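Heads up, the thing below is written out as C-alpha cells.
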2 protein chains.
Amino acid sequence: MGNSKLYKGSLNTIILKLLEESDKMYGYEITQKVKEITKGELNITEGALYPALHKLEAEGLLDVEMQKVDNRLRKYYKLTEKGTTETANRLSELEEYIRTMQTIINPNWSIN
Amino acid sequence: MGNSKLYKGSLNTIILKLLEESDKMYGYEITQKVKEITKGELNITEGALYPALHKLEAEGLLDVEMQKVDNRLRKYYKLTEKGTTETANRLSELEEYIRTMQTIINPNWSIN
DNA sequence: CTCTTATGCATAAGAGTTTTAGGTATATAT
DNA sequence: ATATATACCTAAAACTCTTATGCATAAGAG
C-alpha cells in the first residue's frame, strides 16, 4: 500500500508541474503536496528531491529565493522563463509516454 | 521524435505483458513488436532487454525453450504460472502509477 | 522539563535500471 | 563484396532513486 516506487525519470516532471501551478514552493512543501494529492500513494524522498532541485536550478530552470519563517530557513523555488518552456515540453513527453504505455497495456483500446 | 527514453522500471512490465498476450516470444521479436505497436515511439535496446529476460527467468517468472529456425537460434520465453500471477500484479501497479501521475499532471480531472 | 514529532535543509553510499558500445554469427539483398 | 536484417550476448558508464545519515529549530506530549 502507498509508497509505490517512483518510475525513474518522472520526479523532475512532477516538480516542474507543481511549480507551474503553485508559482513558488519550497522543498518540504513539495513532499507534503505530493503526499496530499496522491493520498499517500507517492512519497517523494528528500534524498531524491533536494539533489533534483539543485540540478534543475543548475540547468537554469528554477530560481531560488531564501526566506526565514519562524526562525527556520526556507528555500523557495520558482520556474524561470526557460523552466516554463521546459515544463511544457516534459509534460507532453510524459503524456506521450503514458499514452504509449496504455497502448501496450491495453491493446484492445486502439483509440490512439 | 520517437525513441523516447524508457521510464526506468517499466521494461519488465512491458515484457511480461507482451508474453501474456503472445504466449511465447523470443528476444528480437519483442523489440520488433514494441517498435510496431508504438509506431516507433519506443525502442527497446538489446542491452536492456536480454539482461531483463535473464533476470525474469532467474526469478522463475519465465521459462525458456530453444528452437532453431533457418540455422539461427531462437530462445523462446513464456510465462510460468508464477509469472502469470506476477504479471497481473505488476500491471495493476503500473496502472495505479499512471493514475497517480495523471492526478498530478491533470489536477482538474479529479475523476479518481 | 525532557523527549518525540514535525519542520526544513543537506549529502554520501548503495542499489537498480537503462544506454552505449562493443562482440559473435547466419541469411538475404544490393 | 558489402550492407542490412536477424539473433544472441556482455561490460562499462550514466542516470535516478532509496536508504541512511547529519544538522537545526519549533511545538506538543508526558
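Hydrogens, waters and symmetry mates play no part in the numbers below; they use all other heavy atoms, side chains included. Lettering follows sequence order; numbering is per chain, from 1. Model, not experiment: these values are computed from the prediction.
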Might you work through the side chain to side chain contact (heavy atoms under 4.5 Å, CB included) test for B/Ile104 and A/Ile37, ending with a clear yes or no? CA-CA 7 Å; B/Ile104 296 173; A/Ile37 62 184; 3.9 Å; yes
With A/Glu36, which residues qualify under salt bridge (charged side-chain N to carboxylate O under 4.0 Å, His left out), at least two apart? none
Stems in DNA chain D, runs of 3 or more consecutive Watson-Crick or G-U wobble pairs with both distances under 3.5 Å, sorted by first number, are C:1-30 with D:1-30
Give the residues of residues 46-69 of chain A touching DNA chain D, defined as any heavy atom closer than 4.0 Å, sorted by residue number. A/Gly47, A/Ala48, A/Lys55
Taking only heavy atoms on the protein side, list every residue of residues 71-79 of chain B lying under 4.0 Å from any atom of DNA chain D, sorted numerically. B/Arg72, B/Leu73, B/Arg74, B/Lys75
Contact class for B/Ser10 vs. all strands (heavy atom < 4.0 Å): base, sugar-phosphate, or nothing? sugar-phosphate
Not counting sequence neighbours, list each pair that qualifies as a salt bridge (charged side-chain N to carboxylate O under 4.0 Å, His left out) and has a residue in residues 10-32 of chain A. A/Lys17-A/Glu20, A/Lys17-A/Glu21
Atom pairs and distances, donor-acceptor, side-chain atoms in residues 52-71 of chain A, under 3.5 Å, two or more places apart:
unit_1  : atom_1 : unit_2  : atom_2 : d
A/His54 : ND1    : A/Tyr50 : O      : 3.3

OP1 or OP2 of D/dC17 less than 4.0 angstrom from a side-chain nitrogen or oxygen of A/Thr45, does that happen here? no
If you go through the side-chain atoms of B/Lys8, does one of them form a donor-acceptor pair with the base of D/dC17 closer than 3.5 Å? no
Between A/Gly9 and A/Asp70, just flag the one whose closest nucleotide in DNA chain D comes earlier from the 5' side. A/Gly9
Under the criterion salt bridge (charged side-chain N to carboxylate O under 4.0 Å, His left out), I'd like the reasoning laid out for A/Lys82 against A/Glu86: C-alpha separation, chi angles, the key distance, then a yes or no. CA-CA 6 Å; A/Lys82 187 179 168 191; A/Glu86 190 58 19; over 6 Å; no
